[in-house]
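A quick write-up on the structure given underneath.
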Amino acid sequence: MRRLKPQLFFLLITLITVDSLAQSEDLARRLFNVHETYREASLTQRRFKQKDILPLISKRQGNAAYHIEKVGESFEGRPIQMIKVGNGKKKVLLWSQMHGDEPTATMASFDMFNFLEGKNDGFDSFRKNLLENTTLYFVPMLNPDGAERYQRRTAQGIDMNRDAAARQTPEAAILKGLVDRLKPDYGFNLHDQLPRYSAGRSPKVATISFLATSYDYELSINAVRERSMQLIVGMNKILQKYIPGQVARYADDHEPRGFGDNVQKWGTTLVLIESGGFVGDPEKQYIRQLNFMAILSALDKIADNSLTKENREEYYNIPENGRWIYDLVVRNATVKQSGKSFTADLGINRSEINYANASKFFYYSKIEDFGDLHPQYGSQEIDATGLTIEKGKVYPTSYRNVSEISKLNALSLLKEGYTYVRLTADSNTRALGLYFTTTPLHILRTGQAAPSGTPGLGNTATFILKKAGKVKYAVINGFVHDLDDFEAEKGQGIIE
Ligand SMILES: [Zn+2]
């Protein structure tokens with residue numbers, strides 16, 4: 001028998017691979033574009049609660065496409081519901097928000113339900129194929145008590161993703177019960193991560209991170225885990241078109257208490273997806289769209305089994321999550337201390353502080369590192385070469401309330417080096433504690449000492465940078481104000 005020439009053989013393989021990649025890229029692009037049509041309009045920001053999603057579930061009660069089941073209650077008695085859709089052989093269990101402050105995939109889940117209900121939009125055969133070949137079990141917001149407080153842990157103060165073995169939280173017992181009962185072929189463990197991980201050692205933020213969890217300390221690869229690598233390889237290829245260089249993967253150390261690791265051990269192909277950061281998208285609405293696209297694309301590959309065409313070795317080409325990115329890096333500032341002078345970089349992070357029952361947040365910024373930060377990056381950087389860092393001065397007049405302070409000309413105060421304004425002893429805002437103001441100033445409550453010494457590690461990120469004796473930048477609560485190009489509404493002042 002004549003053998004195919006090796007060159008011809010490779011050409012053939014390449015053509016088949018290129019063709020299936022082109023197809024999945026085309027599908028992904030169409031899913032990306034159609035997302036706006038199906039975006040669940042009632043979910044617009046991350047701090048929604050269970051009360052916001054319950055009506056979205058109950059309105060589907062009685063819809064023949066779904067089967068809705070209460071699978072248990074949280075520690076505080078909130079119902080946890082599972083939404084089943086599809087009639088296929090391959091069972092897929094998807095759960096989100098086991099960490100209460102990680103809601104991106106919950107939003108995307110409701111977008112997916114809206115999408116699955118659509119028709120005559122060019123996706124009818126996609127839906128038919130998906131729902132005939134898979135049965136999807138969604139558990140959105142597995143930790144509703146945590147979501148209520150916008151915190152990671154459950155009401156018991158336990159991280160339920162370290163409770164897969166001990167199962168002392170009802171939420172972990174519910175998830176284990178579902179895995180035992182359904183014996184899903186595939187599982188999607190949907191999380192958010194800090195928006196400050198880099199993809200490898202690059203300056204790019206990891207927007208989506210993956211993990212094909214390890215079921216043992218040896219990091220073995222069996223057929224179950226291989227499929228999760230293949231699914232990730234497929235999603236990575238698609239995502240690179242939208243967020244080039246911004247996909248990462250977690251180190252695959254085995255975590256014997258984690259659900260991802262244990263579900264993989266129990267025989268379900270498990271994919272961990274972490275929604276990270278994207279500069280200019282604090283409410284993660286773009287990342288939500290990427291979730292929608294990537295998860296539906298992966299489900300399609302499960303439905304027609306085309307995931308097996310992916311090469312698992314490519315999983316290791318995805319860079320690991322690094323942790324190198326600050327919200328703001330000030331480079332090469334001249335620091336004067338005890339009559340001596342040296343150069344330092346400042347790494348500043350703007351942390352989110354919840355208020356209004358954790359339905360909103362403001363930023364509170366600290367100097368989290370100080371010294372040589374040349375291996376690290378900032379999502380925002382300012383070059384302070386030739387600029388001297390100093391603490392700002394306290395304005396000599398005190399005011400009774402914040403609204404009086406908001407009438408001051410902030411720019412002229414900052415130009416004179418005043419970053420702090422004090423509230424008087426009889427001011428009525430004392431009870432509020434840490435709070436924010438839209439005025440670009442740092443307001444000190446009565447009893448709050450003005451900082452002393454040179455700004456440095458652990459301080460609130462309020463200081464000035466001077467060039468030739470003149471204030472060039474005022475940094476107030478971690479937000480940079482260029483005094484030659486001043487926009488008062490930029491950033492958030494702080495009251496502490
Ligand atoms: Zn998480």
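Start at 1 and go down the list; that is how both ligands and their atoms are numbered.
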Would you mind naming the N, O or S atom of [X] nearest to the Zn ion (ligand 1)?
X: His99; result: ND1
X: His191; result: ND1
X: Glu102; result: OE1

Checking Glu255 now: which residues fulfil salt bridge (charged side-chain N to carboxylate O under 4.0 Å, His left out) with it, not counting sequence neighbours? Arg162, Arg257
Test salt bridge (charged side-chain N to carboxylate O under 4.0 Å, His left out) applied to Lys51 - qualifying residues, sequence neighbours left out: none
Checking only N/O/S atoms, does Glu274 have one that is under 2.8 Å from the Zn ion (ligand 1)? no
On the ring face of Tyr315, is Arg249 found with NZ or CZ under 6.0 Å from the centre and within 45° of the axis? yes
Tell me whether the rings of Phe362 and Tyr435 are parallel (<30°), tilted (30 to 60°) or perpendicular (>60°). perpendicular
